[in-house]
Amino acid sequence: MCSHLQKKLFEEDGRFHSLWMEQRFNYALAAIKDGTVDSLKAIKDDIAELSKYYSSELWKMDFAADEAGHLPPALKRGVLSEDGIWNLLADYRDIQKKNQ
């Protein structure tokens, strides 16, 4: 990965900018709400990245930073909500099972 892109995507300590994951989270929520086959296909990569992030040490670090009050108060936190991201991933799996 080029250094310019790495600076855009990662913090100096190696943590992924949660802003990018928040965008994926919001996009996936909207697609699941829409429920069309095309919108669900469009979020396949987003769901994979969100699942990987949620099960990573990076998510745990971001979650802990949020709990400790180290993140800006105005920051959207859907991706840092345990229930929010878990429910999103579960809803996606349920829809996929129904569509098989």
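Owing to the predicted nature of the structure, the values given are computational and were not obtained by experimental measurement.
Counting all heavy atoms, side chain and backbone alike, Gly35 lies closest to Leu40 at O-CD1, 3.8 Å. Between Ser39 and Ala31, the shortest heavy-atom contact is OG-O, 3.4 Å.
The backbone N or O of Glu22 sits less than 3.5 Å from a side-chain atom of Asn26, completing a donor-acceptor pair. For the pair Ser55 (side chain) and Ser51 (backbone), a donor-acceptor distance under 3.5 Å is present.
Rounded to the nearest 0.5 angstrom, Ile32 CD1 and Ile95 CD1 are separated by 5.5 Å. Distance OH/Tyr53 to NZ/Lys60: 12.5 Å, rounded to 0.5 Å. Distance check, rounded to the nearest 0.5 Å: CZ of Arg93 to NZ of Lys97 gives 7.5 Å. Rounding to the nearest 0.5 Å places NZ of Lys52 at 10.0 Å from CG of Leu58. Asp46 CG to Met21 CE: the interatomic distance, rounded to the nearest 0.5 Å, is 9.0 Å. In this structure, Glu49 CD and Ser56 OG are separated by 10.0 Å, a value rounded to the nearest 0.5 Å.
For the salt bridge (Lys or Arg N to Asp or Glu O under 4.0 Å) test, no residue two or more places apart in sequence or in another chain qualifies with Glu67.
Among the candidates Tyr92, Phe63, Trp59, Phe25, the single residue satisfying the ring-ring contact (aromatic ring centres under 6.0 Å, His included) test with Tyr54 is Trp59.
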Self-check item: Test log, rule side chain to side chain contact (heavy atoms under 4.5 Å, CB included), inputs Ile47 and Leu88
Solution: CA-CA 9 Å; Ile47 292 295; Leu88 177 135; 3.6 Å; yes
Self-check item: Chi angles and distances behind the side-chain hydrogen bond (donor to acceptor under 3.5 Å, both in side chains) call for Asp34, Thr36
Solution: CA-CA 6 Å; Asp34 179 48; Thr36 66; 2.9 Å; yes
Practice problem: Check step by step if side-chain hydrogen bond (donor to acceptor under 3.5 Å, both in side chains) holds for Tyr27 and Gln23. | Solution: CA-CA 6 Å; Tyr27 183 61; Gln23 289 173 340; over 6 Å; no
